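Quick notes on the structure that follows.
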Protein chains: 2
Amino acid sequence: MVSRAPRRATLEDVARVAGVSRSTASRVIAGYGAASATARDRVVAAAAQLGYAPDPAARALATGAGVRLVVAVAGAVPTVLHDPYVDRVVRAAAEVCARREVGVSLEWLPLHAPARLRQLAEDRGVRGVLIVNTTELILAAVPSALQGRTVSIGIGSRTVPSFDVDNGGAARTILGHLLGSGRRRIAMITGPDWMPCTRRPVTAYREVIRAAGLPIRLVPGDFTATGGQAAMLTILERWPDTDAVFANSDAMALGALAALRRHGVDVPGDVAVAGFDDVPFAALSAPALTTASHPVEQIATAAATAVLDRAWVPPATAYPSELILRESA
Amino acid sequence: MVSRAPRRATLEDVARVAGVSRSTASRVIAGYGAASATARDRVVAAAAQLGYAPDPAARALATGAGVRLVVAVAGAVPTVLHDPYVDRVVRAAAEVCARREVGVSLEWLPLHAPARLRQLAEDRGVRGVLIVNTTELILAAVPSALQGRTVSIGIGSRTVPSFDVDNGGAARTILGHLLGSGRRRIAMITGPDWMPCTRRPVTAYREVIRAAGLPIRLVPGDFTATGGQAAMLTILERWPDTDAVFANSDAMALGALAALRRHGVDVPGDVAVAGFDDVPFAALSAPALTTASHPVEQIATAAATAVLDRAWVPPATAYPSELILRESA
DNA sequence: CTGTTAGCGCGTTCAT
DNA sequence: ATGAACGCGCTAACAG
């Protein structure tokens with residue numbers, strides 16, 4: 001004897017129990033069209049009684065809405081996916097998706113291959129797209145069929161709304177703190193040149209340092225700790241009198257810290273170090289890292305919610321970053 | 001004038017171009033039933049020409065297969081979702097899902113609420129379930145309708161295959177190293193008692209330490225750095241002569257390191273510290289953390305692949321952990 | 001305000 | 001080996 005799995009209630013069942021037609025039940029469930037109060041009540045009651053929940057696949061098929069949210073991370077190589085930052089974005093998106101009965105999938109978006117965007121536009125399974133770390137080139141290649149259901153975590157465009165931390169403001173705050181505590185020869189470890197997200201911090205750095213009549217000392221990093229170490233060595237060699245370093249990510253800052261420690265440079269005595277992101281381990285380094293917060297989860301949640309709900313959103317939303325004062329600067 | 005989005009090719013289109021019926025085209029595409037060589041060729045050609053790709057929603061609706069993979073993290077409180085470990089699992093799953101045109105959603109599985117599992121079993125949208133950090137109670141509550149498409153990252157059961165790191169072996173390796181380098185009063189910072197994943201390491205600890213005729217010194221942590229600091233303080237106070245600490249996670253180990261530093265205890269001179277996980281920042285602490293690797297992505301990828309492909313898998317797969325020797329022990 | 005009808009794109013018997 | 005026909009569960013026109 002096979003105990004058959006109890007077939008899940010369908011809209012048809014709900015309608016029958018409620019004594020209305022499927023359409024009426026559908027309207028009530030979707031909260032869409034009009035329905036009499038009595039009909040509404042009966043449908044709601046029936047649905048609750050039967051433990052009804054709509055089938056996302058059937059709904060997607062009927063509406064053509066798509067069934068998954070694609071997180072597309074732009075980059076030169078596929079390994080851009082292997083970054084804790086991406087992990088956090090995906091996790092937040094997956095949490096938002098759970099409530100909507102959809103899922104998220106993650107893929108690499110090659111910097112010079114907008115073809116993939118066209119494919120995504122034609123894929124009926126795609127409900128929307130969350131672009132991460134994008135460039136103007138990629139934004140310009142977003143097909144019209146994807147507009148209105150694509151948002152960017154990073155820079156935006158006229159057709160793709162942006163959700164991002166106010167990293168320019170964060171840079172100013174940090175640099176202000178460094179200057180305020182008497183530092184005068186401040187170097188900055190940036191991200192790769194092609195990354196638009198490094199532009200505003202770099203611009204802020206240039207403006208602030210120039211306004212103070214101090215020397216510009218820029219070294220590119222790659223957002224990894226290893227890159228931060230290398231950059232720090234470059235700084236040490238090129239400008240030995242540097243008394244502060246602002247790294248555009250905590251990972252790079254921690255790398256810089258390691259390099260300084262290895263060279264017997266005292267932090268913050270000889271050199272102050274500040275990062276950006278406030279990752280969990282920033283509080284645990286020796287010395288604990290001064291940095292600025294980066295509400296990644298909040299940003300990703302808002303971005304995912306916006307595309308799933310197809311709600312109107314302003315062209316650009318900047319999330320504030322807070323100075324986290326610790327020991328290193 | 002509205003430039004309509006170029007409607008994506010459907011199976012019907014492929015069939016028409018190939019000059020066969022939809023059924024035949026369907027068989028060829030699915031690689032399922034029989035079809036003449038000529039028919040096969042024509043269908044394949046037509047599909048390629050039209051850039052055809054099946055609609056996941058329609059397919060899910062027809063087969064009842066479901067459209068998303070649910071990552072369910074067991075725990076007492078919803079905040080168990082906010083852990084870098086979970087982030088890594090979800091990210092890996094989302095990457096696997098992308099190739100199958102499905103998505104992943106993330107949710108909390110309350111420790112004593114198997115009701116949610118029943119709901120998941122009835123949800124037609126659910127393709128499969130990936131349980132993380134589970135308990136015997138939860139595994140026993142997995143409905144039969146979910147069996148065969150549910151796997152566990154952690155302990156398993158007769159009906160739910162397990163994918164996990166060999167954390168017992170890892171503990172033995174680390175403890176062997178500590179003993180081998182002359183440590184004799186070794187304390188261990190464990191996870192919460194209810195977490196099955198802490199049992200094997202603790203058992204290993206008990207066995208190894210007892211076999212060496214040394215004292216057992218166990219303190220519970222919570223897998224966070226803060227918890228590790230607190231646990232370290234307890235150890236310092238309760239057993240001041242401790243000369244080595246094995247923490248069951250790098251986060252706790254880094255917390256312990258911070259506590260020792262604050263108390264002026266030299267690592268590894270006075271006390272050796274070892275962790276487990278080999279998180280990116282383990283290499284950057286001062287001193288750099290000795291630990292054991294934890295191939296989370298590999299495990300999650302295998303687990304997700306198993307449930308999506310419905311392939312048979314052994315009841316338990318243990319992934320080896322490697323000793324990562326650095327400075328702290 | 002409500003019910004009828006017609007698909008959405010695909011898998012899957014059944015005849016042939 | 002192949003095609004006609006039906007159903008998966010739901011939404012959206014339309015007619016009442």
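Residue numbers begin at 1 in each chain, while the letters A, B, ... track the order of the sequences. Heavy-atom basis, side chains included; hydrogens, waters and symmetry copies ignored. Note that the coordinates shown come from a computational prediction; the quantities given were computed from them, not determined experimentally.
- A salt bridge links A:Arg68 and A:Asp123; the closest N-O separation between the charged side-chain nitrogens and carboxylate oxygens is under 4.0 Å.
- In the set D:dA5, C:dC8, D:dA12, the nucleotide with an atom closest to the side chain of A:Ala62 is C:dC8.
- A salt bridge links A:Arg116 and A:Glu107; the closest N-O separation between the charged side-chain nitrogens and carboxylate oxygens is under 4.0 Å.
- If you check every strand for non-hydrogen atoms under 4.0 Å, A:Thr63 touches sugar and phosphate atoms only.
- Between the CG atom of A:Leu61 and the C1' atom of C:dG7 there is a distance of 9 Å, given to the nearest Å.
- A donor-acceptor contact under 3.5 angstrom links the side chains of A:Ser21 and A:Thr24, judged on distance only.
- Sorted by first and then second residue, the salt bridge (Lys or Arg N to Asp or Glu O under 4.0 Å) pairs involving residues 45-62 of chain A (not counting sequence neighbours) form an empty list.
- Atom CZ of B:Arg27 and atom P of D:dG3 are 8 Å apart (whole Å).
- Counting atom types as modelled, B:Thr24 pairs no side-chain N or O with a base atom of D:dA1 as donor and acceptor under 3.5 Å.
- Across all strands shown, B:Ser36 has heavy atoms under 4.0 Å from sugar-phosphate atoms exclusively, and none from any base.
- Judged by distance alone, with hydrogens and angles left aside, A:Ser21 brings no side-chain donor or acceptor close enough to the base of C:dT4 to form a pair under 3.5 Å.
- Under a 4.0 Å N-O distance rule, the pair A:Arg149/A:Asp309 does not qualify as a salt bridge.
- Between A:Glu12 atom CD and D:dT11 atom P there is a gap of 13 Å when expressed in whole angstrom units.
- In this structure, B:Glu101 places its CD atom 15 Å from P of C:dG9, rounding to the nearest Å.
- For A:Arg91, the salt bridge (Lys or Arg N to Asp or Glu O under 4.0 Å) partners at least two apart in sequence or on another chain are A:Glu95, A:Glu297, B:Asp87.
- Rounded to whole Å, the distance from CZ on B:Arg124 to P on D:dC8 is 9 Å.
- Here the side chain of A:Ser26 is nearest to one of D:dA4, D:dT11, C:dT4, namely D:dT11.
- For A:Thr10, the listed nucleotide lying nearest its side chain is D:dG9; candidates were D:dG9, D:dG3, D:dA1.
- Residue A:Ile29 contributes atom CD1, which lies 14 Å from atom P of C:dT2 at whole-angstrom precision.
- Within residues 43-60 of chain A, no residue has any heavy atom under 4.0 Å from DNA chain C.
- In terms of position on DNA chain C, the residue among B:Leu11 and A:Val20 whose nearest nucleotide sits closer to the 5' end is A:Val20.
- Rounded to whole angstrom, the span from the CZ atom of A:Arg22 across to the C1' atom of D:dG7 amounts to 12 Å.
- Here A:Tyr319 and A:His294 keep their ring centres 6.0 angstrom or further from each other.
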